Every structure is written in C-alpha cells, then in structure tokens.
2 protein chains.
Amino acid sequence: MARLAGVSRATVSYVLNNTSAVRISEPTRRRVHEAARELGYVPHAAARSLRAGHSRMVLMPAPAVPVGPLYSRFLSELQSALGRLDYTVVQYGTVGRQGDEAARAWAELRPVAVLVPGTGIGPQGVAVLKRAGARAVVTLGPERVEGAHALLMDHEAVGHCVGAHLHARGRRRVGVVVPEEEGLEAFSRPRLAGVRQALRGTDASVTELPLAYTEQAAAELAARWAGSGLDAVFAYNDEYAMLLMRALQDEGLRVPEDVAVVGADDLMLGRLLRPRLTTVHIELPSGRELAELVDQAVRDPGAEPEVRKVLGAALVRRESS
Amino acid sequence: MARLAGVSRATVSYVLNNTSAVRISEPTRRRVHEAARELGYVPHAAARSLRAGHSRMVLMPAPAVPVGPLYSRFLSELQSALGRLDYTVVQYGTVGRQGDEAARAWAELRPVAVLVPGTGIGPQGVAVLKRAGARAVVTLGPERVEGAHALLMDHEAVGHCVGAHLHARGRRRVGVVVPEEEGLEAFSRPRLAGVRQALRGTDASVTELPLAYTEQAAAELAARWAGSGLDAVFAYNDEYAMLLMRALQDEGLRVPEDVAVVGADDLMLGRLLRPRLTTVHIELPSGRELAELVDQAVRDPGAEPEVRKVLGAALVRRESS
DNA sequence: TTGAAAGCGTTACCAC
DNA sequence: GTGGTAACGCTTTCAA
C-alpha cells in the first residue's frame, strides 16, 4: 500500500490508527496522511478483520417480505443504538436459503453477533454460528432456541387480550382474520391461537377467516358475513381491519352494532377511521435496550443465554368494539 | 483448518469449491466433506475476498428512516433479483456519517457494486468507491452524479401531474403539504417544486403547508383552513392525505366540494377512504430490471455511466378531487 | 492426484 | 522513532 509515502506499512498503520504506543514524527505523519488522501486510500475491512481475528459486525438477515412500520422503526432504532456502541450493523440478504444453510452463509462473514427475527434458525444453526466465532446469537421470536439468547415476542398475548375483550363486550361468535400473504404466518398463527385460548371454556366460538389483502377478497368475505352469524372480528392488524371494516360497511353492516372490529399494532390509521378502531398497542423493546443486551452478550459470551419477554400487548378500546 | 481430514488445505479448497480444473479422488472428497461437516467448517468470507481481490457483494446503505411500503417492496424485489444473479446484497447501517465519510466507510468493505438511494453521495464519494474496487456505483435519486450510473427518480413529475390535474379541475388556490418529519425532504421538496412548476404562469397560487404526522397538527391546520381560502391540497402522500382529509372533514369541510384532496403513492388505504382518494400511482423500476443494470455495469465497468428515468407518475382520479 | 508455497492487506511484535 | 517480519484463512500456481 502507501509505501510511496516513503515509509513502511507498519508506520502507515500506526499513523492511521493513531496508535499511542509508538511515537511518530510530525513530518512523517503528515506525509502519510497526505499520501493517503492523495491515493484515496481506505483500509481493507476484510484484511483487518482477518488479521484481528474478529470484527464488530452485527449481522441481521434482511426481512424478505415488506415489513410494517412498527418493525422498521424498531430496526432503525436498533441500528443507531448499536452504531453508538461502535458496532456495525449489516443486513444480509439471504435469498432462498433455509435454516442451517442460511446460518452457514451468515457464518462465512464471521460476525461478532447475529440477530435473527422469527423462526429463521434452529439449535444447529446457532452452533454453527458460535463455532464460527459469533459471541452472541439473539433470536426475536415466539420461542427460545437452544444456545441463543431470546427476546420472546409473544404474539399469542395480542390475540389473547382481543379475545378477552370481545368476550367481555358480550360477543360470542368471533371471526379471526388470517392473512393469505406469505411470511405473515409467524404472526398470524400465534394471534389466532391467543384468541382461541382466551375463549376456551367459554360459550364463544372462534372462526378462522383466510383473507387476501385485496378489496375483492374483502368484499367476498363481507358478502358471506350475514350468513355466518359472526358478531365480532379480530382482523389481524389495523391495515386488514381497515380493509375489512370498509367492506363490511359497504355491505350495510354497522360497526360496532352488528359486528365489532378489532385491529392490532395501534397504527395512526386506526385513529383516523370512523368508527375509531379498537386495537392492540404493541410495545416492542427499545433499540437501545436490545443493543445493550447484544453488547452484554458479546462482552461475556460464556454467560447463560438470557430469555426475556419483550412484547407488551395492551388493548386500546376505541369505537369499533 | 481441516487438515485433519489428512489432506492439504489446497485439496480442501478444491473439494469444497468443486474446482473442475483438477480431479480429486472420490474417497478423498468424501473424507473432506465428512471432516467439514463434523468440524462445522464454514469458509471465511474475508479471507476469500482478500485473496481473490474481489467479492460479489452489492452494498446499499440501510435507510435511516422508516420507509414506505412502496420502497420496501422494491428493496426486497431487488434483493432477490440480485441474489438470483449470485450477488450478495448487504444493507450497511451508516449511522451518523455524511457524504464522503460514508462513502469511505462503504469502500472499506470493497463491494463490487454500490447502490445509493437519495442524495447520499457526491462525485468524490463515487471516485473513492471506484478506487476501492467498486465496479459499479448506481444512484437512485433526483439527479445524476458524476461517474455513477443513475436511476433518475423524478419526484417533480409527481407534483407536476397533481398540479396540472387540480388546475384542470378548476382549482386555483392549491396547498401543498410538506411533512415536518426528517428524511422526507428528499421527496417532499421535489414534489412541491413540481406543483409550482405546473402552475407557473397560470392564475393559480401555491401555498406550502408544513405538517407533522400527528392528529393534533392536522387538526390545527384544518382549523386554519377556512381563513386560508385554499380550495385544494396535495397532501404529499396517501398517508398524510388520510390524516389531513379526516381533520378537514371533522372541521366540517366537504371533500371534494369545498376542498380537493390528492395523495400520492397509490396505497390501498386511498381506495378504502370515503370519498375515495385521488392519488398518483408511482411506477418504480422492477427489482429485476435494476439487478440487470447492476450486473451489466459490473461486467463492463468501463462503459459510459447510464442515466435512466425510472419513475413513472400517473394520476389516478377517484372521488376526492 | 496431491502437497507445498506464495501472497492478498493488516497489525503486533521485535530489532534497529 | 522507525522498519522488517510474521501471521490471520484462503485460493492458486507450480512441482512432485
């Protein structure tokens, strides 16, 4: 490299890293800096981490499906928090790879920590990553994975508080929307299960309602509504709730008199609908909190994997139920 | 490494990379594969790209602000398309760094191509990246950057077609919402400028309306509406349009009789509002198309930078204007 | 068919 | 203060 500053590579390294252990003469420093600028020199991250034997890279698989505003806010918060702790966050696009194959692809980058949302990894995958030098593997999902720290996101709780609420409001025939879009099962299944659990042992029934996110699908579902006898619906989230509520209203059904509609995620749009949408406010962990957990785990890789419940679900009653 | 398969490192490399130039005996292959599995061996990406002198990494800065459904769809499409061409897409979280500093940080990773949305890079940054071995730099933004391929996203066109539409509908006092949220200026400014341009030389006036994405801010704006004399508003996008339209309606104003409301992005929610929201349908380049452009550029780095207009804007008239 | 060795860009460690 | 040297893990060239 910039040996054409007339100095050795080691000297360059010292100057550019401001190594305090050795003193470099001012003129030399200047020459090095000058040469670096002139040549447009930038250090080679791969070489550096190869030599160092570790990096400060925190790897996250990039979500394959477009993800809601809630989660993307959380993501960018997390990124800046980790950035402040001097980690580099990298979202890695793992195309078609599944499970352990994906884990191996991630391991090739030798990240110091890996954050895996959903059910994208199993115990074997965790083991691969750890052998590859990852000092922390953190999952964000419905259940813990052997060997990894876990941030438990209990989406059943979301469904549960909706079920309990609807029952308390006297509803007995509850429909639950299950989106047909791919990649949402990880959330929709537990939400449905939560409703079921809340209503188990009561006189209320739960009906699963597959629904694609199109006006037509919603209209068809609404057209069948009268015959279904359902008096309430948990619409998966606020966006599906808006879609379905509109279709129900267009069909002449009154919300909430004929049918109660409940969304989830507490998005702005729920407040703007008429009737205002009852929803579930979801409290995700702050990016700062998760960043600190990662940092802890990296500093002390031997520690017992931490398991923490991080999803707060609170029903926000408005006018639609 | 796995020399404990009883063979040399070279042999391992051959086997695992399926190098066709040399023939390795079946038993040896087996032993290597077995040892690799047993040890949980995964190749070291840094070492590989260091030796090879290049990688297949396509780098994109991770958006710092939560980004709309339109753009995230485009992103994931692009990711899979590039994945199919055997590139690895990496979103790199560039925290606070600005301009050339950011470019230097990206260059450290020695990506084969860099995709930069917005105005995140200048000619110098492009030069740094190219010197660092990037064979293609592609910007997605309002204007081209010296030395880089450009996908021109002309958001002025969005504003322009709204301005023209409103004028044709007889509106003469047009408000344009400019979000107060950070990171949106890159879109809101050109959209405003487009409206101005469309109405320049006519008898219509354009008024800038700063608006935060809160109910209260919208209510305040709506309360001032009667005194403003505005008979139309371009609300930046469908979400701001929904917010503002609700506030206007709550204030007793009729849409579109008293005030026409136009959104943009053609989101589902616009179709669900009543009155149905007039909007601008935005056609982004397909991920496949962009992936091919990147691949082209990587294969032929000497070629003249390509400049392509990729943002199609078409007004979708519904009921709100 | 296999093994040995060089070298990619860094940095830590010793001599100078 | 400064400069040479080795080593990180891998691929490739060349020799056995």
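So that the names make sense, note that chain A is the first sequence line, chain B the second, and so on, each numbered from 1. These figures come from a predicted structure and were not determined experimentally.
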Q. Taking CG from B:Leu109 and P from C:dG9, how many angstroms apart are they, rounded to a whole number?
A.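 To the nearest whole Å, that distance equals 16 Å.
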Q. Is there a residue in residues 49-57 of chain A whose heavy atoms reach under 4.0 Å of DNA chain C, and which residues are they?
A.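 Only A:Arg51 qualify.
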Q: List in chain and number order the residues that pass side-chain hydrogen bond (donor to acceptor under 3.5 Å, both in side chains) with B:Glu181, two or more places apart in sequence or in another chain; answer none if no residue qualifies.
A: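 Partners of B:Glu181 by the side-chain hydrogen bond (donor to acceptor under 3.5 Å, both in side chains) criterion, ordered by chain and then number, come out as B:Tyr240.
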**Q.** Results of side chain to side chain contact (heavy atoms under 4.5 Å, CB included) for A:Glu180 - residues two or more places apart only
**A.**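 Listed in chain order: A:Pro210, A:Ala212.
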Q. How would you list, by chain and number, every residue that makes a side chain to side chain contact (heavy atoms under 4.5 Å, CB included) with A:Ala136, sequence neighbours excluded?
A. A:Ala113, A:Ala297, A:Val298
Nearest listed nucleotide, side chain of [X], among [options]:
X: A:Tyr41; options: D:dC10, C:dT10, D:dT12; value: C:dT10
X: A:Arg110; options: C:dG3, D:dC10, C:dG9; value: D:dC10
X: A:His44; options: D:dC10, C:dG9, C:dT11; value: C:dG9

Q) Sequence neighbours excluded, which residues qualify as salt bridge (Lys or Arg N to Asp or Glu O under 4.0 Å) partners of A:Arg189? A) A:Glu208
Q) By salt bridge (Lys or Arg N to Asp or Glu O under 4.0 Å), which residues pair with A:Asp265, not counting sequence neighbours? A) A:Arg191
(Q) Once rounded to the nearest 0.5 Å, what's the spacing between atom CH2 of B:Trp106 and atom CZ of B:Arg104? (A) 12.0 Å
(Q) By the salt bridge (Lys or Arg N to Asp or Glu O under 4.0 Å) test, which pairs, at least two apart or in different chains, include something from residues 298-308 of chain B? (A) B:Glu289-B:Arg308, B:Asp295-B:Arg299, B:Glu306-B:Arg308
Q) How would you list all residue pairs meeting salt bridge (Lys or Arg N to Asp or Glu O under 4.0 Å) that involve residues 39-58 of chain B, not counting sequence neighbours? A)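 Of all non-adjacent pairs touching residues 39-58 of chain B, none passes salt bridge (Lys or Arg N to Asp or Glu O under 4.0 Å).
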(Q) Once pairs are restricted to Watson-Crick or G-U wobble with both distances under 3.5 Å, how does DNA chain D read as a dot-bracket string, [ ] for crossings and | for other-strand pairs? (A) ||||||||||||||||
Q) Looking only at side-chain N and O atoms, does A:Arg48 come under 4.0 Å of OP1 or OP2 in C:dG9? A) no
